[in-house]
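Structure, as structure tokens:
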Amino acid sequence: MNVTLNNIGKKYESREEYTLRNINLEIEDKDFCVILGPSGCGKTTLLRMIAGLNSITEGDLVFGNKKVNKLAAKDRDIAMVFQSYALYPHMTVYDNMAFSLSMRKERKNIIDKRVKEVAKLLQIENYLQSKPSDISGGQRQRVALGRAIVRKPSVFLMDEPLSNLDAKLREQMRIELVRIHKQLGTTTIYVTHDQIEAMTMATKIVLMNDCKIQQVGKPYEFYNKPQNIFVAKFIGSPTINIFKGKMVNGRFIAEDGLIDIVPNNSDLKSLEGYNNKDVYLGIRSERFISGENKHQFEGIVDVIELLGKEKSLYVKLDSGKEIIITVPGHYFYEVGEKHIFGFDLEALHFFDAETEQRIN
């Protein structure tokens, strides 16, 4: 089912300002849409408005072709999975999963069939007679998912469902959620502050900050074509390197004068009109070139962070500015060494210094 948000806004009576305003978004049928952003950016409020748990002050929320602003949560044909699992501790796994169907007065044979099918899908069929307290956190999360899946809703809503799991379990559950989504094909709206969850699971990402949508698109677009500096910094680890400087006769010269490069022809065309104006240059840590080259700079390795298959080098320039450079893990560097690095000209991001919006 398509979910459309037209100029959605939310204002609480206790506040003068709108919490959210002018939110426009099209979530297509079968999308796995991840609403991503830092704490306090409005993403959970938006999800609760879609769910019907928070009222809508202005705008239209449309499911398919039906406006649902005033429709009660129970009538929206949705299922929600919470961060806290929200399982009934006195009920077995089977009864937790069957509960919503029982409340709808479904026939027992249909309930039994659906619960067992979903338990098999989630690989928890051996725990159906267990209580939530007798199974692991990962298994409890599967039960919470199962309870939502048995209802066969048109839309799944998920509010940071993996945040209570340890790193290894989160990795496993990410894979499981992608697999389940492929099998079921149900439109899913998933809220998280974790960029790894967004980048690995989403078919569409909605990145929010300061209660506004910053960018909407496919995961690779956020990494390779961030629309502004906030997006560039939020997506990617280590964070993107940002230099403030000025375009002078077709060259980018950083404030400290230590970075002086000529962008490629395509970027120069985008930068027409920026001569003698301040701009920001961004480059991902893995897009530096080692050794002497045309656009080189010198730096001293200050800290080395070994991450297995790669290393993050924290390199200090003479000006004191620190640059993060990622190299393969088997490359040998030592703290205190001076090295020459250069820029990959095909991987530069330029931003307007005033608006912080993308130029190229």
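None of the values given here were measured: they were computed from a predicted structure.
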Atom CG of N65: over 12 foreign heavy atoms under 6.0 Å: no
Min side-chain heavy-atom separation Y12-N54 under 4.5 Å: yes
Single-linkage hydrophobic cluster L46~V191, side-chain heavy atoms < 4.5 angstrom: yes
Parallel, tilted or perpendicular: rings of F297 and F341 (30°, 60°): tilted
CD1-CD1 distance between I325 and I289, expressed to the nearest 0.5 angstrom: 11.0 Å
Backbone N/O of K233 and side chain of T239: donor-acceptor pair under 3.5 Å: yes
Nearest atoms (heavy-atom pairs only) where V115 meets M97: O-CE, 3.8 Å
Positive for side chain to side chain contact (heavy atoms under 4.5 Å, CB included) with I189, one of L47, I78, D159: L47
Residue K30 excluded, over 12 heavy atoms near NZ under 6.0 Å: no
For the student: nearest non-hydrogen atoms of A144 and V81, plus distance: O-CG2, 4.1 Å
Six-ring centre of Y314, K316 cation under 6.0 angstrom, axis tolerance 45°: no
Rounded distance [0.5 Å steps], CG in D134 versus CD in Q129: 12.0 Å
Expected output: side-chain K244 to main-chain E255 donor-acceptor under 3.5 Å: no
Any side-chain heavy-atom pair of H181 and F156 under 4.5 Å: no
N69 side chain vs G59 backbone, donor-acceptor pair below 3.5 Å: yes
L20 side chain near M208 side chain, heavy-atom distance below 4.5 Å: yes
Trace of the side-chain contact (heavy atoms from CB on, under 4.5 Å) decision for L177 with L145: CA-CA 9 Å; L177 282 171; L145 285 168; 3.7 Å; yes
Test item: E310 and V327 side chains (from C-beta on) under 4.5 Å apart, heavy atoms: no
Flag if over 12 foreign heavy atoms under 6.0 Å of OH, Y94: yes
Steps toward side-chain hydrogen bond (donor to acceptor under 3.5 Å, both in side chains) verdict (S102, K108): CA-CA 8 Å; S102 299; K108 284 189 176 180; over 6 Å; no
Chi angles and distances behind the side-chain contact (heavy atoms from CB on, under 4.5 Å) call for F252, L271: CA-CA 10 Å; F252 173 84; L271 288 159; over 6 Å; no
Sidechain-backbone polar pair: S285 side chain, I324 backbone, donor-acceptor under 3.5 Å: no
Side-chain donor or acceptor of N264 paired with backbone N/O of L345 under 3.5 Å: yes
NZ/NE/NH1/NH2 to OD/OE distance under 4.0 Å, E58 and R21: yes
OH/Y88: more than 12 non-hydrogen atoms of other groups inside 6.0 Å: no
CG-CD1 distance between L313 and I323, expressed to the nearest 0.5 angstrom: 11.5 Å
D166 atom CG, over 12 foreign heavy atoms within 6.0 Å: yes
R142 to L122 - nearest heavy-atom pair and separation: NH1-O, 3.0 Å
Nearest heavy-atom neighbours spanning A79 and P153: CB-CG, 3.6 Å
Distance, nearest 0.5 Å, that separates CE of M1 from OG1 of T186: 10.5 Å
List, one per line, each side-chain donor-acceptor pair under 3.5 Å for residues 349-360, sequence neighbours excluded.
| residue | atom | partner | partner atom | Å |
| --- | --- | --- | --- | --- |
| H349 | ND1 | R358 | NH1 | 3.0 |
| H349 | ND1 | R358 | NH2 | 3.3 |
| D352 | OD1 | E354 | N | 2.7 |
| D352 | OD1 | T355 | N | 3.1 |
| D352 | OD2 | Y274 | OH | 2.8 |
| T355 | OG1 | Q357 | N | 3.2 |
| R358 | NE | N360 | O | 2.6 |
| R358 | NH1 | P226 | O | 3.2 |
| N360 | OD1 | F350 | N | 3.0 |
| N360 | ND2 | D267 | OD1 | 3.0 |
| N360 | ND2 | L348 | O | 2.9 |

Heavy-atom donor-acceptor pair, R114 side chain to V150 backbone, under 3.5 Å: yes
If you look only at distance, which donor and acceptor atoms sit under 3.5 Å apart when one is on a side chain in residues 192-201 and the other is two or more places apart or in another chain?
| residue | atom | partner | partner atom | Å |
| --- | --- | --- | --- | --- |
| T192 | OG1 | D194 | N | 2.9 |
| T192 | OG1 | E197 | OE1 | 3.0 |
| H193 | ND1 | E160 | OE1 | 2.7 |
| D194 | OD1 | I196 | N | 2.8 |
| D194 | OD1 | E197 | N | 3.4 |
| Q195 | OE1 | G236 | N | 2.7 |
| Q195 | NE2 | F234 | O | 3.1 |
| E197 | OE1 | Y190 | OH | 2.7 |
| T200 | OG1 | R174 | NE | 3.4 |
| T200 | OG1 | I196 | O | 2.6 |
| T200 | OG1 | E197 | O | 3.4 |

Quiz item: cation-pi between R147 and F99, 6.0 Å / 45°: no
Donor-acceptor contact below 3.5 Å, side chain D31 vs main chain C33: no
Side chain proximity check, V315 to F288, heavy atoms < 4.5 angstrom: no
Sidechain-backbone polar pair: R76 side chain, V155 backbone, donor-acceptor under 3.5 Å: no
Side-chain touch V34/V206, heavy atoms, less than 4.5 angstrom: no
For the student: nearest non-hydrogen atoms of L128 and A119, plus distance: CD2-CB, 3.8 Å
Test item: D256 and F243 side chains (from C-beta on) under 4.5 Å apart, heavy atoms: no
Atom of P219, atom of I205 and distance for their closest heavy-atom approach: CA-CD1, 3.8 Å
Rounded distance (nearest 0.5 Å) linking atom CZ of R170 with atom CG of L165: 7.5 Å
side-chain contact (heavy atoms from CB on, under 4.5 Å) between S55 and K70, worked out: CA-CA 8 Å; S55 63; K70 303 296 184 183; over 6 Å; no
Side chain proximity check, E334 to V301, heavy atoms < 4.5 angstrom: no
Side-chain donor or acceptor of N275 paired with backbone N/O of N249 under 3.5 Å: yes
Expected output: side-chain Q215 to main-chain Q227 donor-acceptor under 3.5 Å: yes
S130 side, atom OG; N96 side, atom CG - distance, nearest 0.5 Å: 11.5 Å
Pair D112 + K116, salt bridge at N-O below 4.0 Å: yes
Worked check of side-chain contact (heavy atoms from CB on, under 4.5 Å) between F32 and V178: CA-CA 9 Å; F32 195 120; V178 170; 5.7 Å; no
Transitive ILVMFWY side-chain link V3 to I23, under 4.5 Å: yes
